[in-house]
Number of protein chains: 2
Amino acid sequence: MTMNTPREIFANYISKQGLRNTQQRDDILAAFFSSEKHITVEELFSVVKTKNPAIGYATVHRNLNLLCECGLADEIKIGKQKARYEPKFGQKHHDHLICLRCGKFTEVINSKIEKLQDKLAEENGFMPVRHKLEIYGICRECR
Amino acid sequence: MTMNTPREIFANYISKQGLRNTQQRDDILAAFFSSEKHITVEELFSVVKTKNPAIGYATVHRNLNLLCECGLADEIKIGKQKARYEPKFGQKHHDHLICLRCGKFTEVINSKIEKLQDKLAEENGFMPVRHKLEIYGICRECR
DNA sequence: TCTAAGATGATATTAATTTTCATTTTCAAT
DNA sequence: ATTGAAAATGAAAATTAATATCATCTTAGA
């Protein structure tokens, strides 16, 4: 059985956990994967409400956590900002460049750094699982 | 004028900002730099209270923020844990290995990664200012 | 169809951080 | 040293995001 779409992955996770499919989960998943990256619970709540005005904030919040659990979303916390969520599906791991002036996020990929990180962990007896690299600075536009 | 000690750096920052020196600031600075790394506001508050029982939580909190502003402290937020503060003085930048099981922090230094990070930022038009690298995994003891 | 378990939505709670404000303290100008 | 304006403090309240509670509704398997 191949699991191609986020929808299928989510449905699979749901059933494996003995949970149930609901219209709300569908709506949230759809909104999440068609919204812009780095969305907050608040923002996603607003988006989902345009399709399903009866939906509650807590439901969006709960399901974003489920999406994180099954690997379809990543939570990003930057400084004192509220948590943001990033859809994750079939893409390489990436790091973030964060502009200290305008707050813009840029995603970057560098396999050399990835490898060095794994090596660094192993040298210290750590079995690396995941990592988070954030580089803060001033972006091209803000300079 | 050389500024050797954290105390001098702090005093200098205070006066530059048009702020004032107080006994509380002294007490907080002293406690912070003689306490263990990765302390929470709560914990530092407890420590400072042993020297100055009248001190308020908000004062400790406010001054920890000042210490961050002037570069003598770093705030570390890991997952859903409460913020921790790390004294920063005359040491090299380091990254953190964080055990997913026992929560232990290990500090590591790797200049190669540092350089690659700067390069990566510059390639993307970013002027790097600082960065944060956290590698999550399982530590030697927990394996 | 029926029913037990899960999900939802509204609300309350939690917990950390930040703000408010009356009072006290600092420090530069006298 | 005295004064006074501005800043700092401490206690308490407010804010904020995240999470829990719970009555009701929905799902999905028997």
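Here the structure is a predicted model, which is why all the values come from computation and not from measurement. Proteins get letters first, then strands, A, B, ... in listed order; numbering begins at 1 in each.
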According to ring-ring contact (aromatic ring centres under 6.0 Å, His included), who are the partners of A/Tyr136, at least two apart in sequence or on a separate chain?
none

Euclidean distance, atom CD of residue B/Gln23 to atom P of C/dC27 [Å, nearest integer]:
11 Å

Just to confirm, is there a sub-4.0 Å distance from OP1 or OP2 of C/dT18 to any side-chain nitrogen or oxygen of B/His61?
yes

Given that B/Thr59 and B/Arg20 both sit by DNA chain D, which one's nearest nucleotide is further toward the 5' end?
B/Arg20

B/Asp27-B/Gln23 side chain donor-acceptor pair, cut-off 3.5 Å
yes

So that I can tick it off, tell me whether B/Glu43 and B/Arg84 are bridged by a salt bridge, with the cut-off set at under 4.0 angstrom between side-chain N and carboxylate O.
yes

Checking all strands, does B/Asn63 fall into the base, sugar-phosphate, or nothing category for heavy-atom contacts under 4.0 angstrom?
sugar-phosphate

Counting heavy atoms from C-beta on, name the nucleotide in C/dG9, C/dT19, C/dT18 closest to the side chain of A/Ile55.
C/dG9

Measure the distance from CD1 on B/Ile14 to P on C/dC27 and round it to the nearest whole Å.
10 Å

B/Arg84 atom CZ is separated from C/dA16 atom C1', nearest whole Å, by 13 Å

Euclidean distance, atom CD of residue B/Glu43 to atom C1' of C/dA16 [Å, nearest integer]
14 Å

For the pair A/Arg101 and A/Glu141, find out whether any cationic side-chain nitrogen is under 4.0 Å from an anionic carboxylate oxygen.
no

Comparing nearest nucleotides in DNA chain C, the 5'-proximal residue of the pair B/Leu19, B/Glu75 is B/Glu75

Pair B/Glu69, B/Asn65: side-chain N/O donor-acceptor within cut-off below 3.5 Å:
no

Does A/Arg62 contact C/dG6 through a side-chain donor or acceptor facing the base, at a distance under 3.5 Å?
no

Just how far, in rounded Å, is P of C/dT8 from CG of A/Asp26?
11 Å

Rounded to the nearest Å, what distance is computed from the NZ atom of residue B/Lys77 to the P atom of nucleotide C/dA15?
14 Å

In whole Å, what is the span from the CD atom of B/Glu42 to the P atom of C/dT18?
14 Å

Specify the separation, in whole Å, of atom CD of A/Gln81 and atom P of C/dT17.
16 Å

Do NZ/NE/NH1/NH2 and the carboxylate oxygens of B/Asp74 and B/Lys88 come within less than 4.0 Å?
yes

Going by distance alone, is a donor N or O of one side chain under 3.5 Å from an acceptor N or O of the other, for B/His96 and B/Glu134?
no

Hey, is the side chain of B/Asn65 poking within less than 4.0 Å of OP1 or OP2 on C/dT18, counting only N and O atoms?
yes

Nucleotide range of DNA chain D contacted by chain A, 5' to 3', under 4.0 Å to a heavy atom?
D/dA17 to D/dA28

